[in-house]
Amino acid sequence: MEEIFDCIILGGGPAGLSAGLYAARGNIKTAILDISTLGGQPVNYLEIENYLGFPTIEGWELSEKFENHADKFNITKFTNEEIQNIDLKSDIKTITTLKDTYKARTIILATGASASKLGIKGELEYTGKGVSYCAVCDGAFYKNKTVVVIGGGNAAVEEGMYLTKFASKVYIMHRRNELRADKIVQERAFKNDKIEFIFDTVPLEIIGENNRVSKIKCQNKITGEIKEIETDGVFPYIGFSPNTKYFNGQVLQDERGFVRVDENMRTSEVGVFAAGDVRRTPLRQVITAVADGAVAGFSAVKYLEEVEQMIKEEGILKV
Ligand code: NAP
């Protein structure tokens, strides 16, 4: 594609849509490019109850509101784009996908994060055959069955509670004896008699029979005891890793790969910004992603204004 955008936002989740809205309102030629459809992670969330102004809202509904809102502005959307290569280092940045090559003066990285893997034997083999990273998508398959959720954060405990709608028994296995989830979430789970917590325990192997998960082998870290628990499903909820595959090493990242930014969401590369779950941040929530996106979109507009100003004052070559 010959057209050069002022700003291309990679990722159409809450951070990307918010960045798009702020960039387009700043009157710069803006596009959002996503490997899938727009909406991002909240599409898979059940109910969100900590997005200000919406005491309870389903994830898909909030995502739809975000997209409808962004649609009111002049944003070009490229969806289902399989990225092959990204060049963030040149003055004009390029994104090569299977369909086309896209060019932009600024890029906002809003590619989010994906569920981390346990990295144990059987996990990959039984993914889709009893191992699932999405209770909302797969929960209904576990009617009157037993499932094991791994993790102790908000996601593990909330998704574990959701699974009790279908499953007759939900184990939540956590590697320590104290949950990381918010206290209010913990209290609700402790009251749910379908849930049994297995503390101080790590999963060792997912075992199957007839091409389906049948057991999980685990070890108590305190006693060293190894045992097998019969289960129909395993839902790992052990956090997220950043989606940086196509630009790893082109911007400064932390030891886990999250993109480092300053308070203006600027990365180490001029004209490249990052927002939402992909960046190093103490809190990964829809509300923080949306706020990041606003700052990143605003910063991209400011950056282009400054470049224009320099061109006028100093006659430097236009990027
Ligand atoms: P998280 O808060 O990082 O929790 C991950 C959990 O997995 C921790 O309990 C961790 O144990 C455990 N863990 C990590 N690696 C493990 C491994 N290799 N084996 C076994 N256990 C492992 O992740 P999250 O629950 O996915 O949440 C991510 C972010 O989204 C958080 O900021 C969370 O608050 C937010 N979130 C919010 C809501 C909500 O507010 N409604 C819902 C979902 C998620 P340790 O505790 O020992 O580290």
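Heavy-atom basis, side chains included; hydrogens, waters and symmetry copies ignored. Just follow the structure's listing: the first ligand is 1, and inside any ligand the first atom is 1. Predicted, not measured: the structure shown is a model, and the values here were computed from it.
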Validation row: Leu179, Val185 side chains within 4.5 angstrom (heavy atoms): no
With Gln309, the side-chain hydrogen bond (donor to acceptor under 3.5 Å, both in side chains) member among Lys312, Glu313, Glu306: Glu313
pair Val157-Val149: side-chain heavy atoms closer than 4.5 Å: no
Axial cation check for Tyr133 ring with Lys117, 6.0 Å and 45° limits: yes
Parallel, tilted or perpendicular, as decided by the 30° and 60° cut-offs, for the rings of Phe235 and Tyr237: parallel
Close-range residues for ligand 1, whose non-hydrogen atoms fall below the 4.0 Å threshold: Asn50, Gly151, Gly152, Gly153, Asn154, Ala155, Glu158, His174, Arg175, Arg176, Arg180, Tyr237, Ile238, Gly239, Phe240, Arg284, Gln285
Ser132 side chain to Asp138 backbone, donor-acceptor under 3.5 Å: no
